[in-house]
Amino acid sequence: MPPASLSRKSPLLAAEAHAEGFVQVREARRSELVEDYVELIADLIADGREARQVDIATRLGVAQPTVAKALKRMVKEGWAVQRPYRGVFLTPAGEALAVEMRARHQTVEKFLLALGVDADSARRDAEGIEHHVSEATLAAFEAFVRKADGHG
C-alpha cells in the first residue's frame, strides 16, 4: 500500500492550465511598468503640473536614468510624447490606458476596503493587484462592491 502522501490527488494542475497562469503573470509584469507610468503621468498633469522626469522618479522611488529609459520605451511604443524643456505628455492611447488603470485601481481598492482591509493597506495593495487581476475577476470585484454598497 502506498504512503498516504502518494495516494492523495496531485496538487498540480494539467500542464497547459498551469502554463496559462504563468503566461498571464508574465504578461502582467511586462505591462505593469507602462501602466504605472501612464497612471502617474495622468495624475501629475491632472494635478495642474507637468509630468517631469524628476517628479516621476521621486513618486516612483527610482532614479532619473530609470525614468528616462522607461519614457524612451513609452514614446517608442506610442504611449507618450516628450517635449524639450516641457516634460512628458500622454498620447490619446496613453490617456485611454491611464483612465482604464485608474478605474481598475479604484475597483480593486474599493473591493479591499469592502473586505475590511484598512485604507492604507488597500491603497498600497491595489497598486500591485490592479495589474494582475483578470477581467473576469475584476468584474466579480465590481459586483461584490455594488452588492456591499447595497446597489446590487
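- Of all heavy-atom pairs spanning Val88 and Ala80, the tightest one is CG1-CB, 3.9 Å.
- Residues Asp55 and Thr58 bring no donor and acceptor atom of their side chains to less than 3.5 Å of each other.
- The existence of a salt bridge linking Arg73 and Glu77 is confirmed by a sub-4.0 Å separation between a basic side-chain nitrogen and an acidic carboxylate oxygen.
- Side-chain contact check for Leu40 versus Asp36: every heavy-atom pair is 4.5 Å or farther apart.
- When the side chains of ILVMFWY residues are joined at heavy-atom separations under 4.5 Å, either directly or via intervening members, Leu44 and Tyr37 end up in a single hydrophobic cluster.
- Look at Glu109 and Arg123 and you find no salt bridge, because none of the NZ, NE, NH1 or NH2 atoms lies under 4.0 Å from a carboxylate O.
- In this structure, Leu60 is a member of the same hydrophobic cluster as Leu90, with clusters built from ILVMFWY side-chain heavy atoms closer than 4.5 Å.
- The minimum heavy-atom distance between Ala114 and Ala148, with the atom names listed, is CB-CB, 4.2 Å.
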Taking it one step at a time, do Val145 and Leu113 satisfy side-chain contact (heavy atoms from CB on, under 4.5 Å)? CA-CA 9 Å; Val145 170; Leu113 290 168; over 6 Å; no

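- Between the side chain of Ser121 and the backbone N or O of Val117, no donor-acceptor pair lies under 3.5 Å.
- Using bins of under 30°, 30° to 60° and over 60° for the plane-to-plane angle, the ring pair Phe111/Phe141 lands in the parallel bin.
- Using a 4.5 Å heavy-atom cutoff, the side chains of Phe89 and Gln82 are not in contact.
- Electrostatic pairing of Glu135 and Arg104 counts as a salt bridge here, judged by a charged N lying under 4.0 Å from a carboxylate O.
- Within the 4.5 Å cutoff, the side chain of Val38 has heavy atoms near those of the Met74 side chain.
- Put simply, the side chain of Val67 does not reach to within 4.5 Å of the side chain of Val54, judged on heavy atoms.
- Here CD1 of Ile56 is found 10.0 Å from CZ of Arg52. Values are rounded to the nearest 0.5 Å.
- Residues Ile45 and Leu71 fall within the same hydrophobic cluster, defined by Ile, Leu, Val, Met, Phe, Trp and Tyr side chains chained together at heavy-atom separations under 4.5 Å.
- One hydrophobic cluster, built from ILVMFWY side chains closer than 4.5 Å, holds both Val62 and Val34.
- With rounding to the nearest 0.5 Å, the separation of CD in Glu35 from CD in Glu130 is 7.5 Å.
- In this structure a side-chain-to-backbone donor-acceptor pair under 3.5 Å is missing from Thr107 to Glu142.
- Considering every non-hydrogen atom in both Gly78 and Ala93, the closest pair reads O-CB, 4.1 Å.
- Residue Leu33 is not grouped with residue Val75 when hydrophobic side chains (ILVMFWY) are merged at heavy-atom distances under 4.5 angstrom, including chains of intermediate members.
- To the nearest 0.5 Å, atom NZ of residue Lys110 and atom NE2 of residue His105 are 11.0 Å apart.
- Salt bridge status for Arg59 with Asp43: absent, with no side-chain N to carboxylate O gap under 4.0 Å.
- Put simply, the side chain of Lys69 does not reach to within 4.5 Å of the side chain of Lys72, judged on heavy atoms.
- Atom CG in Asp125 sits 9.0 Å away from atom CG in Asp120 (nearest 0.5 Å).
- Put simply, CD on Glu32 and CE on Met101 are 8.5 Å apart, with the number rounded to the nearest 0.5 Å.
- Counting only heavy atoms from C-beta outward, the side chains of Glu127 and Glu39 approach each other to under 4.5 Å.
- Taking the side chain as every heavy atom from C-beta outward, Ile41 and Trp79 never approach each other to under 4.5 Å.
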